[in-house]
2 protein chains.
Amino acid sequence: MSEDDTSVEELPEPALPASQLHAFAELLFFAYRDFTGDPDIILKDFGFGRAHHRVLHFVNRHSGLRVADLLDILNITKQSLSRVLKQLIDQGYVTQKAGASDRRERLLYPTERGKALAARLAAPQLIRLRGALQAAGLEGEAAIRRFLEAMINAEDRPKVSAITNPTPLPGTHADKDETV
Amino acid sequence: MSEDDTSVEELPEPALPASQLHAFAELLFFAYRDFTGDPDIILKDFGFGRAHHRVLHFVNRHSGLRVADLLDILNITKQSLSRVLKQLIDQGYVTQKAGASDRRERLLYPTERGKALAARLAAPQLIRLRGALQAAGLEGEAAIRRFLEAMINAEDRPKVSAITNPTPLPGTHADKDETV
DNA sequence: TGGATTATGTCAGCCATGTTGACTTAATGC
DNA sequence: GCATTAAGTCAACATGGCTGACATAATCCA
């Protein structure tokens, strides 16, 4: 093999200079800052914070999940979760149901009220995302998906895939696919 | 004009169903979580937090900026910034210099020590970004840039562009473009 | 020149949300 | 029947946001 052999399937892909990578890092910072900014404002009116939003989101999108699942997804301690989860339950946004096969498990479901708040919080984020994906273009969409997946720790990717491409488990139900 | 007139320059771009947008939202959450995870671990060894990282990053990448610039970039209060900035200054990671034209301004510069820590914190993030951009492919790179820019509040985009595509101002100096 | 404004710093206190460690309760599994 | 597991709880602490009030020094302007 010659030294500058360039096989078909392995294009050299010129590595970006550090300054460009730094620019991407900064863009990601600002993008995430604004992505979370819209719901933050709404949450204030309810006396909730971003932590409540995260819990409500996952309970709403993946209803019937266990407390342990939520801990695993959010990467926080039981005590941290407990604080916000309790408030969501006490105020009627989330309900618990004992697991059918293992009655120690507490399966989490959004109430109607919870679904309504989740939808309201998600709305500006989905609008923002739709606009940004349109700005990226059709092929960009797939590239962005690959990019975001590759940003995730390799060992967590299967877990995340299971979450973002949900296989409806018995006990969970698929959401209707409405456009916001 | 007929109702289903589809002009050349305005392809319909089928709107994604909400469930796909939710998947992107979750991917962004996990991606950002892991993107910040690496430096968080390093920061612990120094008794610093993510707030210190943000300050050090911008001081390092845009040295010579004013306190007011930093407040504007980070979207936090003077008092919040002051707490972490003071620690960075006291411990010799950042220095201040009175502005040449307006001596009320305190221009911020990283020390050698600050540059070293910034580089160490950035290293795993740049590696992660480079890998993710490679996964996205060459054209993906441009799409991702458009996507991230479009995720930012429209009114902030000029400001952010000025930051990510820096025009070296008098008093600032461009960093050497080393690959990490 | 003197008063208003501006850039920055600081004190005090509050809130949200993360952490660790220890312990309880109820259900499960062997 | 006893160890393990899922979940909840109590207490204490750290980080990093926030508001409000005020101080200092430099600048700007009438």
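Following rounding to the nearest Å, A/Gln87 (CD) and C/dA16 (P) show an atom-to-atom distance of 8 Å. If you take CG of B/Leu71 and C1' of C/dT6, they are 14 Å apart, rounded to a whole angstrom. Note: CD (B/Gln79) to C1' (D/dT15) measures 16 Å, nearest angstrom. Remark: C1' of C/dG9 and CD1 of B/Ile89 are 10 Å apart, rounded to the nearest angstrom. The distance between atom NZ of A/Lys97 and atom C1' of C/dA27, rounded to the nearest whole Å, is 18 Å. Atom CG in A/Asp90 sits about 9 Å away from atom P in D/dT9, given to the nearest Å. Put simply, CG on A/Asp72 is 15 Å from C1' on D/dA7, counting in whole angstrom units. Between the C1' atom of D/dA6 and the CG atom of A/Leu107 lies a distance of 11 Å, rounded to the nearest Å.
Considering only side-chain N and O atoms, A/Thr77 lies under 4.0 angstrom from the phosphate OP1 or OP2 of C/dT19. Within the structure, every side-chain polar atom (N or O) of A/Arg83 is placed at least 4.0 Å from both OP1 and OP2 of D/dA11. Not one side-chain nitrogen or oxygen of A/Ser80 sits closer than 4.0 Å to the OP1 or OP2 atom of C/dT17. OP1 or OP2 of D/dG16 sits under 4.0 Å from a side-chain N or O of B/His52.
Figure legend: A/Arg128 and A/Phe35 shown without cation-pi pairing, the cationic atom not lying both under 6.0 angstrom from the six-membered ring centre and within 45 degrees of its axis.
In the set D/dA7, C/dC11, C/dT8, the nucleotide with an atom closest to the side chain of B/Ala68 is C/dT8. Checked against C/dT17, D/dA21, D/dG16, the side chain of A/Ala51 finds its nearest nucleotide in C/dT17. Relative to the side chain of B/Arg104, the nucleotides D/dT9, D/dA25, C/dT8 differ in distance, and D/dA25 lies closest. Checking D/dG20, D/dC18, C/dG9 against every side-chain atom of B/Arg106, the shortest atom distance belongs to C/dG9. In this structure, of C/dG18, C/dG9, D/dA21, it is C/dG18 that holds the atom nearest to the side chain of A/Arg54. Taking every side-chain heavy atom of B/Arg103 into account, D/dT27 is the closest of C/dT10, D/dT27, D/dA7.
Between the side chains of A/Gln91 and A/His52, not a single donor N or O lies within less than 3.5 Å of an accepting N or O. Judged purely by distance below 3.5 Å, without hydrogens or angles, the side chains of B/His22 and A/Gln125 never pair a donor atom with an acceptor atom.
Among the atoms of the strands shown, only primed sugar atoms or phosphate atoms (P, OP1, OP2) are found under 4.0 Å from some heavy atom of B/Gln96. As judged by a 4.0 angstrom heavy-atom cut-off over every strand, B/Asp40 is placed among residues making no nucleic acid contact. Here B/Asp69 lies out of heavy-atom contact (under 4.0 Å) with every strand. Residue B/Arg66 is in sugar-phosphate contact alone, with no base atom involved, counting any heavy-atom pair closer than 4.0 Å across all strands shown.
Here CZ of A/Arg83 is found 8.0 Å from OG1 of A/Thr77. Values are rounded to the nearest 0.5 Å. If you take CG on B/Leu28 and CZ on B/Arg33, they are separated by 12.5 Å, rounding to the nearest 0.5 Å.
Classification of B/Glu149 and B/Arg146 as a salt-bridged pair fails, no side-chain N sitting under 4.0 Å from a carboxylate O.
When each of B/Val84 and A/Val67 is assigned the nucleotide of DNA chain D bearing its nearest heavy atom, the one mapping closer to the 5' terminus is A/Val67. Each of A/Lys78 and A/Lys44 lies near DNA chain D, and the nucleotide nearest A/Lys78 is the one positioned closer to the 5' end. Nucleotides of DNA chain C nearest to A/Asn75 and B/Glu105 differ in position, and the one nearer the 5' end is that of B/Glu105.
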